Amino acid sequence: YNQPESNHNGGWLGFGPDGKLYASSGDGGGGDDAHGTIGNAQNLSNPLGKILRYTVTGSGTLAIPSDNPYASAAGKFEGIWEYGLRNPWRCSFDRSTGELWIGDVGQNNYEEVDRLAAGEKNVNFGWRIREGTHPNANRTGDANPGDLREPVLDYDRSAGSCVIGGHVYRGAAIPSLVGTYFFADYNSAFYSWTAATGRVSRRTELVGSNSVGGTASIDADNL
């Protein structure tokens with residue numbers, strides 16, 4: 001599909017526990033998702049700013065699964081699974097629970113990590129209406145539909161500036177870390193994030209402050 005700008009092109013493909021092929025797409029680039037009246041990420045007629053889902057057929061071609069939320073909807077892009085994302089360029093499935101984790105890069109102020117239950121679809125993560133859990137100050141005139149999904153984590157530019165989605169650890173070598181979601185930030189030393197009641201309650205430094213880049217974690221099993 002066409003990209004109107006050179007940035008925010010997404011960049012992840014993965015097969016889910018259901019055997020379907022998932023792909024992340026950025027909002028098409030530029031600033032504040034300025035294409036069209038509501039931007040691309042909130043526009044259900046195009047694939048930009050979305051998580052897309054397909055069936056790979058025996059001949060290697062792509063088909064639209066019949067249970068996609070807009071599979072038979074006139075004027076809608078049939079591949080859409082989730083929407084309202086800015087630049088979700090690293091995602092993963094928890095191999096134990098089937099949950100989908102998304103690292104979505106912010107614009108000027110906040111980075112976010114999102115999570116979906118196994119099979120959960122048609123969720124609106126809120127871009128360009130908001131950045132993380134915060135209203136987008138440059139889009140105050142946008143209508144808020146009131147059903148926006150909160151990220152499990154957002155953090156401001158004092159902690160980092162480009163989230164890199166990771167994986168939930170399900171290995172056997174370090175039992176104390178089972179169920180922990182590890183991720184990184186491109187531009188900072190980072191932290192270990194401990195979650196409670198669906199939101200992050202505290203953070204501790206995971207790597208030295210003089211490091212370039214680093215990883216972070218969320219207690220995924222206790223969200």
Side-chain angles (χ1 to χ4, degrees), residues 1-13 22-53 68-70 73-92 100-117 120-165 183 185-188 198-200:
Y1 47 87
N2 292 329
Q3 297 283 349
E5 310 279 354
S6 62
N7 57 342
H8 307 185
N9 301 145
W12 168 80
L13 289 169
Y22 292 76
S24 68
S25 65
D27 66 3
D32 282 309
D33 194 6
H35 299 93
T37 3
I38 59 171
N40 286 320
Q42 294 294 316
N43 186 343
L44 297 177
S45 69
N46 73 50
L48 299 171
K50 316 292 195 301
I51 299 293
L52 309 173
R53 178 177 179 259
N68 273 15
Y70 303 105
K76 303 295 193 294
F77 190 82
E78 293 183 324
I80 293 172
W81 189 246
E82 325 289 351
Y83 63 106
L85 294 158
R86 182 175 180 270
N87 193 27
W89 67 286
R90 288 294 181 269
C91 313
S92 67
L100 176 60
W101 289 79
I102 304 165
D104 192 20
V105 178
Q107 181 163 275
N108 295 319
N109 300 304
Y110 298 96
E111 305 297 303
E112 75 178 68
V113 175
D114 299 300
R115 184 187 65 159
L116 289 162
E120 191 176 12
K121 59 186 176 181
N122 203 27
V123 169
N124 183 356
F125 288 106
W127 176 254
R128 69 181 189 183
I129 300 163
R130 69 182 188 192
E131 185 180 4
T133 58
H134 308 267
N136 181 358
N138 299 324
R139 292 295 176 188
T140 53
D142 282 5
N144 188 329
D147 59 349
L148 306 181
R149 174 64 57 87
E150 294 266 311
V152 294
L153 167 68
D154 65 354
Y155 59 91
D156 64 28
R157 293 300 166 88
S158 67
S161 59
C162 182
V163 66
I164 302 172
F183 63 103
D185 189 278
Y186 185 72
N187 292 314
S188 69
R199 295 290 301 158
V200 171

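Computed from a predicted structure; not experimentally measured. Residue numbers count from 1 along this sequence.
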Separation of [Y] [atom2] from [X] [atom1] (nearest 0.5 Å):
X	Y	atom1	atom2	value
S25	L52	OG	CG	4.5 Å
E82	K50	CD	NZ	12.0 Å
D33	H8	CG	NE2	9.0 Å
N43	F77	CG	CZ	11.5 Å
D32	E131	CG	CD	8.5 Å
N68	W81	CG	CH2	6.0 Å

Evaluate side-chain contact (heavy atoms from CB on, under 4.5 Å) for L153 paired with V163, printing each intermediate quantity in order.
CA-CA 11 Å; L153 167 68; V163 66; over 6 Å; no

Taking every non-hydrogen atom, the tightest pair across [X] and [Y]:
X	Y	answer
N87	G26	OD1-CA, 4.0 Å
G75	S45	O-CB, 3.2 Å
S24	Y1	O-OH, 4.3 Å
Y155	C162	OH-C, 4.3 Å
N9	Q3	ND2-OE1, 3.0 Å
N7	G30	OD1-N, 2.9 Å

How are the rings of Y22 and W12 set relative to one another: parallel (under 30°), tilted (30 to 60°) or perpendicular (over 60°)?
tilted

Does the side chain of [Y] come within less than 4.5 Å of [X]'s, by heavy atoms?
X	Y	answer
V152	W101	yes
Y70	N122	yes
Q107	N138	yes
L116	F125	yes
D114	L85	yes
D104	P151	no
N144	P135	no
H134	N109	no

R149 with E120: basic N within carboxylate O range, under 4.0 Å:
yes

Do R86 and E111 sit within salt-bridge range, that is, some charged N less than 4.0 Å from a carboxylate O?
no

Consider only side-chain N and O atoms of R128 and N136, and report whether a donor and an acceptor are under 3.5 Å apart.
no

Do we see a donor-acceptor contact under 3.5 Å between the side chains of D27 and W127?
yes

Are more than 12 heavy atoms from other residues, nucleotides or ligands located less than 6.0 Å from atom CG of N2?
no

Please determine whether side-chain contact (heavy atoms from CB on, under 4.5 Å) holds for the pair Q42 and N124, giving the CA-CA distance in whole Å, both sets of side-chain angles, and the decisive distance to 0.1 Å.
CA-CA 8 Å; Q42 294 294 316; N124 183 356; 2.9 Å; yes

